[in-house]
Asker: 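Handing you this structure, nothing more for now.
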Amino acid sequence: MANREALRELQTRLASRLKAARSEGVSVSWLAVKVGEANYLFPLAQSGEIFPLANIQVVPYARPWFMGVINLRGGLYGVVDLASFMGDGATRARTEQSLAESSVITFNAALELNCALLVDGLAGLRKREAFADVALPPEGSPVFFGSRFTDLNGEHWQEINLQSLSQLPEFLSISA
């Protein structure tokens, strides 16, 4: 129960920081998330809101990475398991405990896609100054991969261009 309260508190703090970052200007660039063992950066201008994962309604005959639909603030959103979509977590079994600690992040309303990405953890907001090195995405990377950053602790972070992801035909097609 304490973990759930701590998660809600973190989500509340991140939501208020996201709102402040959007109103103050472009000083913060990314929302940092954990998906399995991978670290990803979502551009703030393309990211929407953060919600705890709750009450997913399964959709039959959908692709394995499409978890179902969820009601967020009165709107229906499709939930995509980002690890499975990326091929990182297709075999990873999710326990009820790990799902309870997961969050969903919606796409920015400007992208006109009622979709939320399932992530395992939130790692806060990142500015460009938080990174020591930047490189092009690895050869053969998906088209929605942006730059690859290395932070001051030596951890690698892959930028995900949510707008490019939202336009991929395979992402938009949930039926197998």
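Predicted model only: the values in this text are computed from it and were never measured. All values below come from the heavy atoms of this structure, side chains included, with hydrogens, waters and symmetry mates left out.
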Asker: Run the ring-centre check on Phe149 versus Trp30 and record whether the distance is less than 6.0 Å.
Answerer: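 Yes, they do, as the ring centres are separated by less than 6.0 Å.
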Asker: Does the side chain of Ser47 reach to within under 4.5 Å of the side chain of Leu162, using non-hydrogen atoms?
Answerer: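 Side chain of Ser47 against side chain of Leu162, heavy atoms only: contact under 4.5 Å found.
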Asker: How many angstroms lie between atom CE of Met86 and atom CG of Asp81, to the nearest 0.5 angstrom?
Answerer: 11.0 Å
Asker: Less than 4.5 Å apart, any side-chain heavy atom of Pro138 and any of Gln158?
Answerer: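 Heavy-atom side-chain distance check passes, below 4.5 Å.
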Asker: Less than 4.5 Å apart, any side-chain heavy atom of Phe42 and any of Ile105?
Answerer: yes
Asker: Do Leu31 and Ile50 have side chains that get closer than 4.5 Å, going by heavy atoms?
Answerer: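 They are in side-chain contact.
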Asker: Working note: Thr106 + Phe51, criterion side chain to side chain contact (heavy atoms under 4.5 Å, CB included); need CA distance, chi angles, decisive distance, verdict.
Answerer: CA-CA 8 Å; Thr106 62; Phe51 294 92; 3.9 Å; yes
Asker: Would you say Val59 ends up clustered with Leu76 if hydrophobic residues are merged whenever their side chains have heavy atoms under 4.5 Å apart, either directly or through other cluster members?
Answerer: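 Yes, same cluster.
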Asker: Of all heavy-atom pairs between Leu152 and Ala132, which one has the smallest distance, and what is that distance?
Answerer: CD2-CB, 3.8 Å
Asker: Could you walk me through whether Ile56 and Val69 satisfy the side chain to side chain contact (heavy atoms under 4.5 Å, CB included) test, starting with their C-alpha distance in whole Å, then the side-chain angles of each, then the deciding distance to 0.1 Å, before giving a yes or no?
Answerer: CA-CA 6 Å; Ile56 287 186; Val69 294; over 6 Å; no
Asker: At their closest point, which heavy atom of Ser166 faces which heavy atom of Phe107, and how far apart are they?
Answerer: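 That would be CB-CE2, 3.8 Å.
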Asker: Closest approach of Pro52 and Val104, non-hydrogen atoms and distance?
Answerer: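 For Pro52 versus Val104, the nearest heavy atoms are O-CG2, 4.4 Å.
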Asker: If you round to the nearest 0.5 Å, how far is CG of Leu165 from CZ of Phe85?
Answerer: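 Answer for the CZ-CG pair, Phe85 versus Leu165, is 5.5 Å.
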Asker: Considering non-hydrogen atoms only, spot the tightest contact between Ser147 and Pro137 and give its length.
Answerer: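 Heavy atoms of Ser147 and Pro137 come nearest at CA-CD, 4.5 Å.
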Asker: Less than 4.5 Å apart, side chain to side chain, heavy atoms only: is that true for Gln46 and Asn161?
Answerer: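 Side chain of Gln46 against side chain of Asn161, heavy atoms only: contact under 4.5 Å found.
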Asker: Angle between ring planes, Trp65 versus Phe171, binned at 30° and 60°: parallel, tilted or perpendicular?
Answerer: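 Rings of Trp65 and Phe171: parallel, as their planes differ by under 30°.
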Asker: Quick one: OG on Ser29 to CD on Glu159, what's the gap to the nearest 0.5 Å?
Answerer: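 Going from OG on Ser29 over to CD on Glu159, the span is 8.5 Å.
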Asker: In Å and rounded to the nearest 0.5 Å, what is the CG to CE distance from Leu82 to Met67?
Answerer: 12.0 Å
Asker: Give the intermediate values and the outcome of side chain to side chain contact (heavy atoms under 4.5 Å, CB included) for residues Ser173 and Arg63.
Answerer: CA-CA 8 Å; Ser173 174; Arg63 295 185 188 248; 3.6 Å; yes
Asker: Would you say that Val143 contacts Leu168 through its side chain, given a criterion of any heavy-atom pair below 4.5 Å between the two side chains?
Answerer: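 A side-chain contact exists here, since the closest heavy-atom pair is under 4.5 Å.
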Asker: Can you tell if the side chain of Cys115 reaches within under 4.5 Å of the side chain of Val80, non-hydrogen atoms only?
Answerer: yes
Asker: Work out which heavy atom in Leu41 is nearest to a heavy atom in Pro43; give both atom names and the distance.
Answerer: O-CD, 3.8 Å
Asker: So is Arg126 actually on top of Trp157's ring, under 6.0 Å and inside 45° of the axis?
Answerer: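 Output yes; distance and angle both within limits.
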Asker: With rounding to the nearest 0.5 Å, note down the distance linking CD in Gln167 to CZ in Phe144.
Answerer: 13.0 Å
Asker: Would you find more than 12 non-hydrogen atoms of other residues, nucleotides or ligands less than 6.0 Å from Glu112 atom CD?
Answerer: no
Asker: Consider only side-chain N and O atoms of Asn39 and Glu155, and report whether a donor and an acceptor are under 3.5 Å apart.
Answerer: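 Yes, Glu155 and Asn39 have a side-chain donor paired with an acceptor closer than 3.5 Å.
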Asker: Rounded to the nearest 0.5 Å, what separation is found between the CG atom of Leu122 and the OG atom of Ser102?
Answerer: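 If I round to the nearest 0.5 Å, the distance is 9.5 Å.
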Asker: Report the C-alpha distance between Asn114 and Leu72 in whole Å, list the side-chain angles of each, state the deciding distance to 0.1 Å, and finish with yes or no for side chain to side chain contact (heavy atoms under 4.5 Å, CB included).
Answerer: CA-CA 10 Å; Asn114 281 14; Leu72 301 174; over 6 Å; no
Asker: Step by step, work out the salt bridge (Lys or Arg N to Asp or Glu O under 4.0 Å) result for Arg73 and Glu49.
Answerer: CA-CA 11 Å; Arg73 294 190 194 270; Glu49 294 184 77; 2.7 Å; yes
Asker: Measure the shortest side-chain to side-chain distance between Phe131 and His156 over non-hydrogen atoms and say whether it is less than 4.5 angstrom.
Answerer: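 Counting from C-beta outward, Phe131 and His156 never come under 4.5 Å.
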